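In this text the structure is predicted, and so the values were computed from the model without any measurement. Chain naming here is simple, since letters A, B, ... match the order of the sequence lines and numbering starts at 1 in each.
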There are 4 protein chains.
Amino acid sequence: MIIVLNKNSAETGRLPIEGFLNANHINYRYVGKLHAFVLPKYQQTEVFEQFEGIETIIPINTPYQLASKSYKNQTSFQVNDISVGEGLFNVMAGPCSVENEDQIFATAEFLSNLGVKFLRGGAYKPRTSPYSFRGLETEGLKLLHKAAKAYNMNVVTELLDGSLLDEVATYADIIQVGSRNMHNFHLLDQLGKINKPILLKRGFQAKAVEWLLAAEYIMSGGNEQIILCERGIRSFDPSSRNVIDLGVVPIIKELSHLPIIVDPSHGTGAASRVTPASLAAAAIGADGVLIEVHPDPSRALSDSEQAISFDEFSNLLNKTKMLLNALGKQTDTESTVLNSGRL
Amino acid sequence: MIIVLNKNSAETGRLPIEGFLNANHINYRYVGKLHAFVLPKYQQTEVFEQFEGIETIIPINTPYQLASKSYKNQTSFQVNDISVGEGLFNVMAGPCSVENEDQIFATAEFLSNLGVKFLRGGAYKPRTSPYSFRGLETEGLKLLHKAAKAYNMNVVTELLDGSLLDEVATYADIIQVGSRNMHNFHLLDQLGKINKPILLKRGFQAKAVEWLLAAEYIMSGGNEQIILCERGIRSFDPSSRNVIDLGVVPIIKELSHLPIIVDPSHGTGAASRVTPASLAAAAIGADGVLIEVHPDPSRALSDSEQAISFDEFSNLLNKTKMLLNALGKQTDTESTVLNSGRL
Amino acid sequence: MIIVLNKNSAETGRLPIEGFLNANHINYRYVGKLHAFVLPKYQQTEVFEQFEGIETIIPINTPYQLASKSYKNQTSFQVNDISVGEGLFNVMAGPCSVENEDQIFATAEFLSNLGVKFLRGGAYKPRTSPYSFRGLETEGLKLLHKAAKAYNMNVVTELLDGSLLDEVATYADIIQVGSRNMHNFHLLDQLGKINKPILLKRGFQAKAVEWLLAAEYIMSGGNEQIILCERGIRSFDPSSRNVIDLGVVPIIKELSHLPIIVDPSHGTGAASRVTPASLAAAAIGADGVLIEVHPDPSRALSDSEQAISFDEFSNLLNKTKMLLNALGKQTDTESTVLNSGRL
Amino acid sequence: MIIVLNKNSAETGRLPIEGFLNANHINYRYVGKLHAFVLPKYQQTEVFEQFEGIETIIPINTPYQLASKSYKNQTSFQVNDISVGEGLFNVMAGPCSVENEDQIFATAEFLSNLGVKFLRGGAYKPRTSPYSFRGLETEGLKLLHKAAKAYNMNVVTELLDGSLLDEVATYADIIQVGSRNMHNFHLLDQLGKINKPILLKRGFQAKAVEWLLAAEYIMSGGNEQIILCERGIRSFDPSSRNVIDLGVVPIIKELSHLPIIVDPSHGTGAASRVTPASLAAAAIGADGVLIEVHPDPSRALSDSEQAISFDEFSNLLNKTKMLLNALGKQTDTESTVLNSGRL
C-alpha cells in the first residue's frame, strides 16, 4: 500500500502518520523525494483516511509497490533533450567495449549520422574469467564521453561496483546495471540516492517479480528514472547463448509503469539474429533497443560474435522504422530536437 | 552425409552402394521416397564418387540430416490450394477444444469471412490431470471437419496416439503432434509413412537439435511435409505459463529448410499477450501463427485464459497484415485462390 | 475429495451417490477396483454423510487425489516374492540395452550371485536420433526374460508404445514408463487397466505435481502398483547430462504414499558418479535404485559413458549395504526369500 | 597452462619469462604469492623448458587454471585449529540472521556442546525486497563474534559489498560470498588480496565452470583458502524453493582440488528436508554442511520455514556421524583439538 502525501503539506502530514505506524509496529518506508509512505504488507486503507495532508492511498497487492502499475500509469523522463517512456522508440547503440579512440569516434560519427541519440560502450567489463579483457576502465570512460559529446549523443555505460559510482556518474548520461548486478542490493541502494537515469538489465535468471523488486530498491531511494532492459535468460538449450524473453515485454507493461527496452545482441548472442530480434522487440511493444555495433565485428575485443557491422545496423534501423511506422510509432532517431537544438 | 540418387536410376544405383555400406558396416538408412541414402556418422564423400547413378553427395556434420539446410534450401508444399513455405504467412486459428456444433460453426464462419484458410480445433486433448475435459473425441473430429468444409477451410487437429492415426487422418488436412508427443518416437515413425502434412510442435523442454531430430524421424520415413511450431518453453519464471522462444525462429531458419510457425496462445498463456506476440512472430520471420480463438473465451472448456475473442482476432489480423506489408510480405488470408477456385 | 465405499456394499452404495453427482453436475470418476469415487474439485464432505455404505470420506486439496498421502499412508506390494514399499531398499540393475545372449546371461549371473532380484534391460529403446540403435525388440525381450528366469530374477523393461503392451507385459514383471512417456496420457490410461507393477520415470522436465498426476492416470484406472523413479532433470548446466534431483525424494515422501527409487545412471550420466549418487539416494530416503551395469561398459551399444562395470557394481552394493545398515535399513539383496524358495 | 617457479628462485626466474611473454603478446598473469604464471590460452609447454628456475609446467585445457585438479590434488588449510579439506566433515551451523544476544548465545552454547566448531550467522542480509529485514549489521557482527568466541567457535558470515570488507574481516574467521555475489567480479578480486578463508556459494544459476572461474578470480589474486558451497539451483519446479544439486559434488571433485560443502537449508528450502539432504550430502562425498539452526524456528526473522530446531539438529548430527562412520569418515565435531587446546 502506498500513501502519497500532498506535495505542499508533506512535511506536516508526515509526522502523525509516522507516529501511528511506529506505535502499531507496521513495517513502512518513507520515500522523501516522492513524499510517499510505502507499507509493503499492509492493506487496510480506511485506517488512514482520518489523517490530513493525504493526496491518495493506493492499495497494492504485489511485493513491488512503487514499481507497480497501480502506483502510476507510465514513467517518462528526459535524457538531455530526448524523451524516454513517452512513446518514442529509443535506439541505443555502440560497441561492447570501448577499445580505442578511432573505434569509438568512428562508431559515434556513424550512428549520429543516422540520428541515433544514445551511444553505448563498456569501459569496465564484467567477465566470467579473470583472464579476459576487462575494458579500458577510466580511459575508456573518457573516450566514450568525448566521442558522444563530439556528436551530440548521450552516454550509456555500465557501473560494475559502488566504489566506481562517482567516476561513472561523471561520464554517463544513463548508468547501466548489468545482468549479474541486478541482485546486487547494496549497489541498487546507492543508485536510489542519485539523480541519474538507470538502465536496469534483467538478471539472466531473474523472475519478472524479482526484476521489479530490483527496480523497487532504486525507486524506494527516490530515483524514479529507470529503464528496464531484457537481455536474454538462461535456458536448457545450447543452440543460443541466451533465450531472448520477448514475452516479458507485455508482462512488464501489465505489471509496471516503467519503460522497457530489449538488448537483442546479448539476447540472441549471434549477429545474424540481431535484426530479426530487434524487429520483434519493436513489434511486441518494447520502448527501445540496445544494440552492439562495431566498425569491424570480427576484430572486436569482446562479444565479437554478436556485434553487427555498420551496414547491418543501417539495415536494422531502416526496417525498424518501417515496421514501427506501420504500427503508428516512430524511433527517436527521427526526432530532430537534439541536433537542431544544439548545432 | 546424404547420397541422393538420380530419380530415374535410383533402382539400379541403389544396390551397389548398399553392398558397399553393408560390407563396411557403415550405419545408413535408405529413404525410398527421396531415393536417398542417409549416413548419419560418415563424412568421406570421395569414397562414393565411383558409384553410378548418384545425383549429389551432401556432407552434413549435424545429427539431423534430411532436416538440415545443407540438404535443401526451403521446403514448401500445398495444403489443398494453400501454399506453405513459399513466403506467405499462414494463419491458423480456432478453439482449443471443439465443444459443440454451434461453437465450431460460428468460429469457422467468422474466420473464413476474414479469409482464414486453416481451422484448428482439438478433439482429443492431452490433459495433465486425468479428471480434466479430454475432448469430444470422434464426435469432435466430425464436427470440426464438417465446419471446416462448410466454409472451405483446412482442418488442423492433434493426433494423441498412434492407435488413432487412421481416424484422425480421415478428418485432418494437417495432423498436429503436440508438445508432449514430440519425443514419442514410435508415433513419429508412423507419421513418416503417411502422405499428409504434419504440424510438429516443439517439446516444451526440447533443444532445437532435438526438435530437428524429431522432424528427422518423420522425414527419414519419407514424409517431407512438415511444419515446425514453437509453442513456448518451460522456464524458472512463474509470471507466465511458458516462455515464448521467438529467438528460435531465426535459429531454425539457419539450421533447417522446414517452415516454422509460432503458437502465441500457448507461448504466452494469456489472451492479453497473444496479439503482441503474434506481431513479434511475424516480425522475427516466422512463416505463420496458430491462434486460439473462441466465440466466448470466458466459457471455453479448456485454455480459457489464453483464447482470444473474435474482436481481438480481427484486430490481431489487421495489425499483422499491416506489419507484414511494411516488411514486404503478406498473409495467406489475402490470397483468394482457395475461395475463388471453389466457389 | 475421495469417497471410499465399504468393499462389501460398494455395489449398492454406488448408485445413489452417482445419481446425486450427476444431478448436481459434479465432476467425478468412479474407480471400481478401489470402490472409490474421486471428486477432483469438490470439498464439501458433509453433503455425503447421509449416504449409506461409505467407509470414509477424504478431503484432498491437491490436483492428484489417489496418489496423495491423504488417501493412503504407504503403498506396498509384492513382485513375485520380493516386497516393494515395505522398507527394503530395492536394487534393480542390468544393461541399458539387451545386446546378445552372452551379455545378458553374464549380467544376470553376476547380479544374482550378489543377491540382486531385479534385472533391468532395454529391448525397445527410445532414441533421440532415428539412426541410433533402437534395441533388439522382440528378440531382446525374450533374451531378457530367459536370462532373468534362469537366475530367478524379476524383469524390468520399458514399454515404448501402447501397441506393444501385450508383448511387453508377457515378458516383464515390472513395466517401465520412460521419461519421455511420462506425459503420454493415452499410454498411462492403458496401464491403469492392467494388473502389473509400473515403474514410472519422471519426465526430465516434469514438476513433482505433474509426475503425481501421471501416477494418478494409472491409479484412476485401478492399478495401484506404481514405483516412481527419479532419473535426473534438465538444467542450464552442461557439466552433466542431467541434474539428479535427489531432493525430490523427501518431497514425494511428504506428498504421496508411492514408493520412489532413483536412477543414478541417467541421473548423473557418468559412470564415475553412479556410486556416490547411489549412496546419496539411499541416504536421502529413496526406496531403491535402478543401475546400468554392463560386462564391458566401453563396448556398450548405448549409454556406454554411464554404465558401470561388475567390479564397480560390487563396490557400490557393498557401500550401499554399509550405509543403509548404519541407518537401520537393508537392501533386498540380503533377503533370502526368493532364492531359498526356489533353489 | 601454469608455470610454477621454484620458490627460492622465483624472483630471478620471473623476469626472463615475463620478457618472453610480453614480446610474444601472450596473455598471462603472474600470481606472486604462488610464484606462478598463469597462461589461460596457451598450451605449448616445451617453449618454456629452456628457462631456469622452473619447478613445473602444467598444461591445463580448462578455462579455470589454478582451480583445476591438474594444478593441485587437494587444497587444505586450518581455520584456527580446525582442518578443512583434509577428510574431516566440517559442520557449520547457526541462524540465518543474528537477531539478538540471547538468540545467538543460546545457539552458540547449544552447538558448542555438540562439538560444532563453526558458528554461522547473518549480520548483513541480501533480501529480494528492499522492505524485508536486512540484518543487525555492525551490531550483528559484534554479537556473532562475541558469542562464537565465548564458546570457542569460528565465525562464518557473509560479506555483501566490498565497502564492508574491512569490517567483516575483523569479525569473521571465514568470509561467505553469497549466491547472488558469485558473479560480483569486483568483490572476488578484493577477496583474492586478503589472507582469510572464503566460503564461495554457487550462484543459483551458475554452471560448474562459472563457479570454478569465480574461485579462479580469488586464487589468481593469491588467496587459496576457498571452500565451495552448493546451495541449490533454480529450476522449473515450484515444489521446492531450489533444487539441491548434490550431483555437482562429485563433478567438482573431478574438476577441482577445492573442498566443497553443501547448504541443505537453502538447498531444500524446507526444515523437514534438511536432515535427509544433509545425510545425502555426506553420502555423496561433500566435505561438510552449512545448516540453519534457530532456537525457535517459527519465530525466526528470516528463512523461518527452512531453519531447524535444536532437537532436529541433534538428530541430524547423530545420523550424520553414524552414516560417515559406516563410510570410514568422521565429522569435525568429534575432534577435540580445538576445545582441549584452548580450555
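Contact annotation: the side chain of C:Val209 never approaches that of D:Ser239 to less than 4.5 Å [non-hydrogen atoms, C-beta and beyond]. D:Pro276 places none of its side-chain heavy atoms less than 4.5 Å from the side chain of C:Val249.
Heavy atoms only, all atoms of each residue included: D:Lys207 and C:Pro238 are closest at CD-CD, 3.7 Å. In this structure, C:Phe236 and D:Phe204 approach most closely via the heavy-atom pair CZ-O, 3.9 Å. Of all non-hydrogen atoms in C:Ala283 and D:Ala283, the two that sit nearest each other are CB-CB, 3.7 Å.
A distance-only check finds no donor-acceptor pair linking the side chain of C:Asp245 to the backbone of D:Val243 [under 3.5 Å].
Of the residues considered (D:Ala281, D:Ala280, D:Ala208), D:Ala280 shows the highest number of contacts with chain C, using heavy-atom pairs under 4.5 Å. For chain C, the option among D:Leu324, D:Thr275, D:Ile251 with the highest count of heavy-atom pairs below 4.5 Å is D:Ile251. The residue among D:Arg234, D:Glu254, D:Lys253 with the most heavy atom pairs within less than 4.5 Å of chain C is D:Glu254. In terms of heavy-atom pairs under 4.5 angstrom with chain C, the leader among D:Gln205, D:Lys319, D:Glu210 is D:Gln205. Between chain D and the options C:Ser272, C:Gly267, C:Gly247, heavy-atom pairs under 4.5 Å are most frequent for C:Ser272.
Within 6.0 Å of the CZ atom in C:Arg127, the count of heavy atoms belonging to other residues, nucleotides or ligands exceeds 12.
Taken from CG in D:Asp237 to CD1 in C:Ile233, the straight-line distance is 7.0 Å, to the nearest 0.5 Å. Taken from CD1 in C:Ile284 to CG in D:Leu246, the straight-line distance is 6.0 Å, to the nearest 0.5 Å.
C:Ala206 touches chain D through its backbone: at least one of N, CA, C or O sits under 4.5 Å from a heavy atom, while the side chain does not.
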